[in-house]
Q: 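Can you read through this structure? Questions will come right after.
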Number of protein chains: 2
Amino acid sequence: MAVHIMTALAYLAEKASSEVLARTVNTNAVVVRRILGDLNRAGLIHAERGNAGGFTLARTPKQISLLDIYRAVMEERELVSLHENPENRKCPVSCKVRGTLAAHLHKAQSVYERELQKVMLADIEQAM
Amino acid sequence: MAVHIMTALAYLAEKASSEVLARTVNTNAVVVRRILGDLNRAGLIHAERGNAGGFTLARTPKQISLLDIYRAVMEERELVSLHENPENRKCPVSCKVRGTLAAHLHKAQSVYERELQKVMLADIEQAM
DNA sequence: GTCATATGTAACCAATATAGTTACGTTTAA
DNA sequence: TTAAACGTAACTATATTGGTTACATATGAC
């Protein structure tokens, strides 16, 4: 949804209200505003309040990557995460898998993110 | 949990019951059996029923990658998925983002998976 | 200064997913 | 024949998500 919203903002190229954006996503304006809140806190958009308020991109579509959007809405959550069960002290596997696996998952996630970084909002918009 | 279980099987290098495996993960044997069911259907382990039954790896730890395990438990689910709202026919963005974005996400996921494919269960086990 | 319009956010609901648990049928070696 | 183990259904508790209503706050237009 965040990418859909950002693409709409790029496509419209003008100030848009959460109402208008909600219509393109086919959802509720509040849902859209929640996402816009994340995007705003991440500095990807500008939000103007009050009468004639609305949202605009903070940078050009060429300067915004899918990774920027991903980070804005995902914050520190990981693609695949470890189980949270307490470790069994008597079991060497239980004590060590977590750390080892975390390192490998972290590596994989970083190549995923590097891939997202290559795609700019302009690339998506261009396909519209 | 699936990786934890598989590592335990590799480490023990002998038939293990869901009870024993549950103890290293610190959870319930049924939870473990559910995951073992996925791993079994994917052909990564052998399951023996009846008295003195239990689970063993179907291949050596060198022949099992994190990707194999990932696929076994994740099936066709994707790391990041598209929103499911119906498209707004009047809006070109709504009609086209989905396909374009899907292609980019698919690419990113494939580099993620390629990374998982590089890591073998033997690599994880060795760190224990 | 008032008012219409928009954002920001809290509160609540419904739907879904996950882990844990109990229970029980089925299988199999001893 | 029986004890031990898998396979799976059913139920519960918890968390997450999206949608919805409601309302306080901000702001441009008149």
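Numbered from 1 within each chain, the chains take letters A, B, ... in sequence-line order.
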Q: Rounded to the nearest 0.5 Å, what separates atom CD in A:Glu84 from atom CG in B:Asn26?
A: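 Rounded to the nearest 0.5 Å, the CD-CG separation comes to 13.0 Å.
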
Q: Between B:Asn28 and C:dT22, does any side-chain N or O lie under 4.0 Å from OP1 or OP2?
A: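 False: B:Asn28 side-chain N/O out of range (4.0 Å or more) of C:dT22 OP1/OP2.
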
Q: I need the CD-P distance between A:Glu84 and C:dA19, as an integer number of Å.
A: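 Those two atoms, CD and P, are 11 Å apart.
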
Q: Here's a test of your reading of the structure: between B:Val30 and A:Asn40, which maps to the more 5' nucleotide of DNA chain C?
A: A:Asn40

Q: Whole Å only: how far is the CD1 atom of A:Ile35 from the C1' atom of C:dT9?
A: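 After rounding, the reported distance stands at 15 Å.
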
Q: Are the side chain of B:Arg71 and the backbone of B:Glu76 linked by a donor-acceptor contact shorter than 3.5 Å?
A: no

Q: Respond yes when some side-chain nitrogen or oxygen of A:Ser18 is under 4.0 Å from OP1 or OP2 of C:dT7, and no when none is.
A: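 A:Ser18 to C:dT7 OP1/OP2: side-chain N or O found under 4.0 Å.
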
Q: Is there a donor-acceptor pair closer than 3.5 Å between any side-chain N or O of A:Thr100 and the backbone N or O of A:Lys96?
A: yes

Q: What's A:Glu19 touching, base or sugar-phosphate or nothing? Going by heavy atoms closer than 4.0 Å.
A: nothing

Q: With rounding to the nearest 0.5 angstrom, report the CG to OG1 distance, B:Leu121 to B:Thr60.
A: 9.0 Å

Q: Earliest and latest nucleotide of DNA chain D, 5' to 3', sitting under 4.0 Å from a non-hydrogen atom of chain A?
A: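 Extent of the interface on DNA chain D: D:dT17 to D:dG28.
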
Q: For B:Leu79, does its backbone N or O pair with a side-chain atom of B:Gln109 as donor and acceptor, under 3.5 Å?
A: yes

Q: State whether the side chain of B:Ser110 and the backbone N or O of B:Lys107 hold a donor-acceptor pair below 3.5 Å, judged by distance alone.
A: yes

Q: Let me know, please, whether A:Asn51 or B:Gly50 comes out on the 5' side of the other along DNA chain D by nearest nucleotide.
A: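 Nearest-nucleotide comparison on DNA chain D picks B:Gly50.
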
Q: Does the side chain of B:Thr27 get closer than 4.0 angstrom to OP1 or OP2 of C:dA19 through an N or O atom?
A: no

Q: So if I take every side-chain heavy atom of B:Arg49 and compare against C:dA19, C:dT26, C:dA10, which nucleotide ends up nearest?
A: C:dT26

Q: Going only through I, L, V, M, F, W and Y residues with side-chain contacts under 4.5 Å, is there a path from B:Met74 to B:Met1?
A: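 The answer is yes; both residues are in one hydrophobic cluster.
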
Q: CZ of B:Arg33 versus P of C:dG20: gap in Å, rounded?
A: 14 Å

Q: Starting from P on C:dA17, measure out to CZ on B:Arg77 and report it in whole angstrom.
A: 9 Å

Q: Please give, in whole Å, the distance from C:dA15 C1' to B:His83 NE2?
A: 18 Å

Q: Rounded to the nearest Å, what distance is computed from the CG atom of residue A:Leu36 to the P atom of nucleotide C:dA6?
A: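 It works out to 14 Å between those atoms.
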
Q: Round to a whole Å and report the spacing from CZ of A:Phe55 to P of C:dA6.
A: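 These atoms are roughly 11 Å apart.
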
Q: Select from A:Ala52 and A:Ala29 the residue whose nearest nucleotide in DNA chain D is closer to the 5' end of that strand.
A: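 Nearest-nucleotide comparison on DNA chain D picks A:Ala29.
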
